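One structure is given here, and the rest of the page talks about it.
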Amino acid sequence: MKRTLALGGVAAGLLASAAVAAPAAHAGSDHRAATLAGTNLAAKEVAAFWYGENKANLINATPYGVETKVVAKHVSKGGPSADSKPGVVPAIGDEKKSTSKSKNVNLPKTTGKVFFIGADHRPHWCTATSVQSSYHNLVATAGHCVYDTESNRATLDRWVFVPGYYQGKTPWGIYVGKTAYTHYDYDVYEDGDRDYAFVTVYNGVLPTVVEDGYGHHGRDDHHGRDDHHGRDDHHGRDDRYGRDDHRGRGHDDRTLVRQISVREFQSKNRGKDLTGNGPWAQGTSVVTKDISGREYDSRRDWYISGDGKTLYFRKEVRGRDDHHGHGQYGDRDVAGFGHGHHSPSPSPSPSASPSASPSATPSATPSASPTPTWPGHREYRYFKRTFYVKSLRGGGHGPLIVLKDVGRLGDNVGGQGLAYNQKIGSSVFVFGYPSGYHPDGNNAFSGATLKWSYGKTFAASAAAVKGEELVGVKSSFTGEGAIGSSWLLQYKSARRLGYLNGVTIGLADTDKNDRIDTSVSPYFDGETYGVYKAAAGNWSGKIV
């Protein structure tokens, strides 16, 4: 919620105590949660998507270009202010006060990239960081690196976090997002003052065996060194990160679930209504997700995406339960792999079974979700369905990826603490993956490696993103890749730990000289802590 308060100061000495000061009582009620991958099967498919085809989607991803450059300015009056006492949450492994000091700036292992599919249906990335939580499974980033503000279609698809990512390498694995938590004002109003998100992630996975279909084995390159993170021998030298003496022989539970086209799925399920609920042929399965009428983008009862991999269909609403998402097509309803069992009977199909061939390009005018306002008006629920099969070993069918659990995020890379209601004018390190050009054409950063900047915070605003109570810091970070960068207060270089006190949501040229000179973040206050607390106590679990 918006506030207009005078600037308030707090006493120095942030690290004098690791105790957490309780924020205002109302803070915990302001969060909203959204499912990213709600089932084990859905999470496994997401991981396989990014690891598949020799990590082509990871390698070809581009920095996210939504809401990046903003017009920001210093605020001399008003601006952000604490809404309760200042408080901190200690970093993982730093619950007891540490007095170690270092003049060198060692880059944190907690920082990495989040990858997802944007509204343009292409892979993109932002910066993010691991933070402290009860189950060591939490990631923080900018809100618009989780929520699709471009198409207003709720969350971004296939969301994963890769700490220490570098040129296709995933030294500590891929962590699939499970649930995203954001502030109500950002979810509903896209309020820039609340443009942050905390995401719970499943245990990480790595490809441990790669076969070419003829019995030849390969190893993932995560066993190599990743020098851009400094001299840390934990980069893949531990045998638990992928060495498996069984090499996958005879272990059906180690086969990969891979996505197949509508045509291929139909060939394995001849005579079945693909808009129904099975039962499906053994070794095949579907994942069905509710979507909006706007996303459905057609007036037909079903159609197939241009790439032939997704079936879109609609069902006429026939009862309250179905309308409220508790029917057979709910997001949590994922049919299991067929083993001759009987799933619930399919509802009557609105049309004949879809053709195996992709349909013609749908109408450019979307069919909005209707509400009955006159007799005879029809109301629909809309769905998209993707299809999967268990990959079989051998037979010369191309590469086979076998995923292995590598444990919890915080156990592998640690997690930053959290600081809120801190005074304006504090010094922070900013860590991120800046990319691209300054407005004058100077190509400053590639986005390939982790960079840092340092400065003191000041009150700022950016009307374009509804940001009235932001904080800024002088930084030369350019481009979309910097979005989601972590602002770390009291960063201890020797331990690579500090307190997360902001995330970059935009970049600005404040002196109008065609050079980016400022990064802006929401001010972390008691309401931020409330959203964090809503996320930090939730368990995720394994996907394999």
Side-chain angles (χ1 to χ4, degrees), residues 36 47 88-95 106-116 125-143 145-146 159-166 169-181 196-206 222 226 228-230 232 234-236 241 405-419 429-433 450 452 483-493 495-504 524 528 531-533 535-542:
L36 297 175
V88 299
V89 177
I92 293 176
D94 201 26
E95 288 81 1
N106 296 319
L107 301 178
K109 296 189 294 183
T110 56
T111 303
K113 294 183 179 182
V114 289
F115 292 86
F116 47 82
W125 54 267
C126 288
T127 298
T129 191
S130 170
V131 292
Q132 170 74 282
S133 67
S134 299
Y135 297 99
H136 294 189
N137 65 339
L138 197 61
V139 173
T141 188
C145 293
V146 177
W159 198 97
V160 299
F161 176 57
V162 184
Y165 176 83
Y166 179 68
K169 296 180 181 179
T170 58
W172 292 289
I174 282 179
Y175 298 78
V176 179
K178 183 175 185 180
T179 307
Y181 295 82
Y196 46 75
F198 297 94
V199 180
T200 59
V201 294
Y202 291 93
N203 280 16
V205 290
L206 277 168
H222 65 273
D226 194 353
H228 80 289
H229 277 279
D232 189 344
H234 190 53
H235 285 265
Y241 285 91
D405 181 272
V406 295
R408 302 184 304 181
L409 173 64
D411 295 340
N412 291 328
V413 302
Q416 301 297 335
L418 182 79
F429 281 91
V430 179
F431 295 100
Y433 290 86
L450 185 60
W452 64 274
I483 303 304
S485 295
S486 57
W487 295 29
L488 299 184
L489 192 66
Q490 297 291 328
Y491 181 70
K492 296 181 286 291
S493 187
R495 295 176 56 79
R496 308 188 189 201
L497 294 174
Y499 296 88
L500 182 69
N501 194 223
V503 290
T504 299
F524 279 19
T528 310
V531 178
Y532 162 80
K533 284 294 290 181
N538 291 291
W539 176 80
S540 299
K542 302 177 180 180

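None of the values given here were measured: they were computed from a predicted structure. Both backbone and side-chain heavy atoms feed into the values below; hydrogens, waters and symmetry mates do not.
- Note that OG of S133 is 8.0 Å distant from CZ of R408, once rounded to the nearest 0.5 Å.
- Side-chain contact check for T200 and N538: no donor-acceptor pair (N or O, by modelled atom type) lies under 3.5 Å.
- In this structure, F429 and W452 have tilted ring planes: the angle between them lies in the 30° to 60° band.
- For the atom pair CG (L500) and CH2 (W487), the distance works out to 11.0 Å, reported to the nearest 0.5 Å.
- The nearest pair of heavy atoms linking T111 to P108 is OG1-CG, 3.5 Å.
- Nearest heavy-atom pair, G177 versus L36, reported as atom, atom and distance to 0.1 Å: O-CB, 3.5 Å.
- You'll find the ring centres of F115 and Y165 inside the 6.0 Å limit.
- At a threshold of 4.5 Å between non-hydrogen side-chain atoms, the residues Y175 and V139 do not count as touching.
- Note that OH of Y491 and CG of L107 are 6.5 Å apart. Values are rounded to the nearest 0.5 Å.
- Here the shortest heavy-atom pairing between A140 and V131 reads CB-CG1, 4.0 Å.
- Checked by atom type and distance alone, the side chain of Q416 pairs as donor or acceptor with a backbone atom of R496 at under 3.5 Å.
- Residue K542 holds its NZ atom at 5.0 Å from CG of D405, rounded to the nearest 0.5 Å.
- The minimum heavy-atom distance between V162 and T170, with the atom names listed, is CG1-CG2, 3.6 Å.
- Atom CZ of F431 is separated from atom OG1 of T110 by 8.0 Å, given to the nearest 0.5 angstrom.
- Of all non-hydrogen atoms in L497 and G415, the two that sit nearest each other are CD2-O, 3.9 Å.
- Partners of F161 under the ring-ring contact (aromatic ring centres under 6.0 Å, His included) rule, at least two apart in sequence or in another chain, do not exist in this structure.
- Counting only heavy atoms from C-beta outward, the side chains of L409 and N137 never approach each other to under 4.5 Å.
- Side chain of T141 to main chain of T127: a donor-acceptor pair is present (N/O by atom type, distance under 3.5 Å, no hydrogens or angles).
- Put simply, OH on Y181 and CZ on F198 are 12.5 Å apart, with the number rounded to the nearest 0.5 Å.
- Between the side chain of W539 and the backbone N or O of S134, no donor-acceptor pair lies under 3.5 Å.
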